[in-house]
Q: 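First the structure, which I've put down as structure tokens, then a few questions once you've had a look.
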Amino acid sequence: MTAYPHLLAPLDLGFTTLPNRVLMGSMHTGLEDGRKHFAALAAFFAERARGGVGLMVTGGFAPNIEGWAKPFAGTLATSGAARRHKEVTDAVHAEGGRIALQILHTGRYGYQPLCVAPSRLQSPISPFAPRELSARGIERQIRAFVRCAKLAREAGYDGVEVMGSEGYFINQFLVTHTNKRTDEWGGAYENRMRLPVEIVQRVREAVGPDFILIYRLSMLDLIPDGSSWDEVVTLAKAVARAGATLINTGIGWHEARIPTIATSVPRGAFAWVTKKMRDTLSAEGLTIPLVTTNRINTPEVGEQILADGCADMVSLARPLLADPDFVRKAREGRAADINTCIACNQACLDHTFKNQLASCLVNPRAGHETTLLLRPAPASKRYAVVGAGPAGLAAATALAERGHEVHLYEAAAQIGGQFNMAKKVPGKEEFSETLRYFGRRLEATGVVLHLATRADAHTLAAQRFDAVLLATGVTARDPKIPGQDGPNVLSYIDVLLHGKPVGERVAIVGAGGIGFDVAEFLVTPPGRSPTLDLHEWMAEWGVADPGAVRGGVVRAQPAAPARRVTLLQRKAGKLGKGLGKTTGWIHRAALQMKQVEMIGGVNYERITPQGLFVTYGEQRKDGQLIECDTVVLCAGQEPLRELEAPLRAAGIAVHLIGGAHEAAELDAKRAIDQGTRLAASL
Ligand code: NAP
Ligand code: SF4
């Protein structure tokens, strides 16, 4: 008996049977680009094959240079390249896994000067205008897709995924927003859809019947002038007839201004779109298996989606970065041990967009499987870890996993440190998953946990530990504003952790990650979060039924803000610049919808019972009273490490990690990574 009968059921594709309904969706890790990373890429996929996922899809490989996402992006266009891929496919097959190669032609999204498109229309997310393809040029692209698929078969892949969504090359042909052609590739929809149908048909002819061919279909474009529902259904039927084995769901073009995978997006938020397609196709007697995707991060969510008949498979990408053993743990009844993806994007997508290798905030081993190893320690030692925030939790559990005796001291009554505040912010509910995971890890690895215990240097020294790891975190920075001791001034800790009452009009000093979080918390009515209510979230962002409106976008209808909030910083320029590369715009847009006023370039002169008095610029001109009932201080942090000096004086080896090491730009990604790497080295 399993709690996940639908998720763990095999899927018969006719010529092969997948062991379960979990597809590891395509994700660019950076390991695809350049041959030097192939051994690491093989280890990355082998570990996930071992974890039992039914079918994996690689990050995108371009079929030719015109299709590059960036200069010298991973390409599969020659037999020599195919031979190198063998290292990946052999490693996966040795673990009993299956893997398909994604063919990704980025079209006008290419961040490179050779990019091509149906029409010469530059995208808002690339500085390069594409070259408009001639009819012969289009034929060359189709041949490149076919060649790439044949080479994938030669390289030992079990299939290919033709990337037809997210606003990439194929998608650009489908809609008039990007296709202004007047030849047989533009105009009427049957012309615009000719490209994907032709590609699927000719790939199928080239690879034979016993090769998985996934077509990733944009079911909801989330852009004005996107495809109508009738067009999407017409295309689904055509690619099924043309030889696709599975149809995967694509949600939202990259240029869409609606979040689709961020942590504030409700779990399984788009499964209804795939269900709509599945119902439509089955009403017409078509039974091609459909894959649904986006924000499916636990076995329970996947199971429910499948049980509700939304799809035949669920695609999880980032959750398999967070935990390669997701499926195995679900199968073994150990779902509570899964390290859940919190959809933060901080170490995966944000890295990719900064041209860094992708990893995972909650699992720093992701992408580093060959270098970051938690091997059994040659000799067991005794360690004290002080502070059970992300850094301390990561270090303590990794040390104990390696066989050391570990004592973890925490002054508060519960583990989690700053995460206990983050999880209270509407749209950040997922952060509590990491605390659940670490709670289980502490038990499983046998860490001795001392809660509500403020460790002092004397006691620690007396215990004769081999070393003490200080993960004591941070303390709020004092901005030293005259009047800040008044009763109308609170710190972010008062607001988020202690739930102190806050007035109707609020000024927030400091617009870093925490200033934004506090603003989000204060504009949302208590106990409410659109992330936990799909209909409210859809209204908030203007997501609609694509059957009713092209592309599924309507005017956003955000709920009225619970308070009038002004968010301030001393730096001139746009607020929120330092937020995550792929999520900063979402935080800014969310606060703008709640009429939060954002002001940069201020000097904080004084706080009075009437509010916060600021001036502007170096001349401290144009004094202005920002009338408010409460001022909340979110002015950053300083490291908290008062134990360091006395411990060192007592001759104890001390290591500083997380915020205690450096508070500037502190984040959980650095804290967990640092804690894990230190533990791996001791
Ligand atoms: P932060 O990002 O360092 O921001 C501190 C803010 O305070 C800045 O706006 C800064 O802007 C201002 N400030 C600095 N010194 C000041 C002073 N003496 N007086 C008045 N204002 C001052 O720190 P944080 O917001 O506390 O966040 C801490 C870390 O947690 C972040 O770095 C982030 O990595 C992580 N976090 C991230 C997120 C997220 O990405 N969504 C959310 C929460 C936390 P000015 O100097 O221009 O005034
Ligand atoms: Fe998920 Fe964040 Fe890890 Fe990316 S970095 S896989 S979003 S937990």
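Each ligand, and each atom within it, is numbered from 1 in the order the structure gives. Note that this is a predicted model, so its numbers are computed, not measured. Below, all heavy atoms of this structure are taken into account, side chains as well, without hydrogens, waters or symmetry copies.
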Q: Polar-atom distance check: Pro479 versus ligand 1, any N or O pair below 3.5 Å?
A: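 No - when backbone and side-chain N and O of Pro479 are compared with those of ligand 1, no distance drops under 3.5 Å.
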Q: Given Thr260, which partner from the list Val265, Val543, Asn294 fulfils the side chain to side chain contact (heavy atoms under 4.5 Å, CB included) test?
A: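 Result for side chain to side chain contact (heavy atoms under 4.5 Å, CB included) with Thr260: Asn294.
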Q: Any ion pair linking Glu95 and Arg48 (charged N to carboxylate O, less than 4.0 Å)?
A: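 Salt bridge: no.
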Q: When only distance counts, is Arg477 in polar contact with ligand 1, meaning an N/O pair under 3.5 Å?
A: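 It does: an N or O of Arg477 is found under 3.5 Å from an N or O of ligand 1.
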Q: Return all protein N, O or S atoms below 2.8 Å from atom 1 (Fe) of ligand 2, chain by chain in residue order.
A: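 Correct list: Cys341 SG.
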Q: Thinking salt bridges, do Lys70 and Asp33 make one under a 4.0 Å N-O criterion?
A: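 Counted as a salt bridge, because a side-chain N and a carboxylate O are separated by less than 4.0 Å.
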Q: Please determine, by modelled atom types, if Tyr4 and Gln304 share a side-chain donor-acceptor pair under 3.5 angstrom.
A: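 No.
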Q: Applying a 4.0 Å heavy-atom criterion (strictly less than), which segment of Tyr604 is in contact with ligand 1: side chain, backbone, both, or neither?
A: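 Answer for Tyr604: side chain.
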Q: Can Gln674 and His661 be counted as having a side-chain donor-acceptor contact under 3.5 angstrom?
A: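 On atom types as modelled, these side chains qualify, holding a pair under 3.5 Å.
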Q: So Tyr109 and His254, would you call those rings parallel, tilted or perpendicular, with 30° and 60° as cut-offs?
A: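 Taking His254 first and then Tyr109, their aromatic rings sit tilted (interplane angle of 30° to 60°).
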Q: Please determine whether any non-hydrogen atom of Gln346 lies less than 4.0 Å from an atom of ligand 1.
A: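 The answer is no, since Gln346 has no heavy atom less than 4.0 Å from ligand 1.
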Q: At a non-hydrogen distance cut-off of under 4.0 Å, which region of Met421 contacts ligand 1 (side chain, backbone, both, or neither)?
A: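 None of Met421 does.
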Q: Return yes or no for this condition: an N or O of Val509 is under 3.5 Å from an N or O of ligand 1.
A: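 No; every N/O pair is 3.5 Å or more apart.
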Q: When you measure from atom 38 (C) of ligand 1 to each heavy atom in Gly578, Gly513, Ala476, which option holds the nearest one?
A: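 Nearest option to atom 38 (C) of ligand 1, by heavy atoms: Gly513.
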Q: Ligand 1 and Gln637, any nitrogen or oxygen pair closer than 3.5 angstrom?
A: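 N/O-N/O distance below 3.5 Å exists for this pair.
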Q: Going by side chain to side chain donor-acceptor pair (under 3.5 Å), name the pairs with one or both residues in residues 506-524, residues two or more places apart or in two chains.
A: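 Checked against side chain to side chain donor-acceptor pair (under 3.5 Å) - neighbours excluded - the pairs reaching residues 506-524 are Lys428-Asp517.
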Q: Show which atoms of ligand 1 fall inside a sub-4.0 Å distance from at least one heavy-atom site of Gly636.
A: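 Near Gly636, meaning under 4.0 Å from one of its heavy atoms, ligand 1 has 5 (C), 7 (O), 23 (O), 26 (O).
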Q: Would you check if there is a donor-acceptor pair between the side chains of Glu429 and Ser432 at a distance under 3.5 Å?
A: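 No.
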Q: What side-chain donor-acceptor pairs closer than 3.5 Å can you find for residues 566-584, not counting sequence neighbours?
A:
unit_1, atom_1, unit_2, atom_2, d
Gln569, NE2, Lys571, O, 3.2
Thr582, OG1, Asn345, ND2, 3.1
Thr582, OG1, Asp350, OD1, 2.6

Q: Is the closest N or O pair between Gly512 and ligand 1 shorter than 3.5 Å?
A: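 In this structure, Gly512 places an N or O atom under 3.5 Å from an N or O of ligand 1.
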Q: Which atoms of ligand 1 are found less than 4.0 Å from any heavy atom of His587?
A: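 So the atoms of ligand 1 that pass are 41 (N).
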Q: Does the side chain of Arg365 come under 3.5 Å of the side chain of Ser359 through a donor N or O and an acceptor N or O?
A: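 No.
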Q: Between Asp478 and ligand 1, is there a nitrogen or oxygen pair with a distance under 3.5 Å?
A: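 There is no such contact.
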Q: Not counting sequence neighbours, which residues clear ring-ring contact (aromatic ring centres under 6.0 Å, His included) with Phe61? List them please.
A: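 In terms of ring-ring contact (aromatic ring centres under 6.0 Å, His included), with neighbours along the sequence ignored, Phe61 is linked to His85.
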Q: If you measure from each non-hydrogen atom of Cys634 to ligand 1, which part falls under 4.0 Å: side chain, backbone, both or neither?
A: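 Looking at Cys634 and ligand 1, just backbone atoms fall under 4.0 Å.
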Q: Please confirm whether Ala511 comes within less than 3.5 Å of ligand 1 when only nitrogen or oxygen atoms on both sides are compared.
A: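 For ligand 1, there is an N or O atom that lies under 3.5 Å from one belonging to Ala511.
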Q: Mind checking whether Ile514 contacts ligand 1 via backbone (N, CA, C, O), side chain (CB onward), both or neither, at a 4.0 Å heavy-atom cut-off?
A: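 It is both backbone and side chain that touch ligand 1.
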Q: Do Glu618 and Asn603 have side-chain N/O donor and acceptor atoms under 3.5 Å apart?
A: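 Note: Glu618 and Asn603 side chains miss the donor-acceptor criterion.
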Q: Could you verify whether a donor N or O on one side chain and an acceptor N or O on the other, from Thr274 and Thr249, lie under 3.5 Å apart?
A: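 Their side chains do contain a donor-acceptor pair, which is all the 3.5 Å distance test asks for.
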Q: Taking only heavy atoms of Lys571, which atoms of ligand 1 are found under 4.0 Å from at least one of them?
A: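 Going through ligand 1 atom by atom, the ones under 4.0 Å from Lys571 are 11 (O), 45 (P), 46 (O), 47 (O).
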Q: Gln624 and Thr615: side-chain donor and acceptor closer than 3.5 Å?
A: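 No, no side-chain donor-acceptor contact under 3.5 Å.
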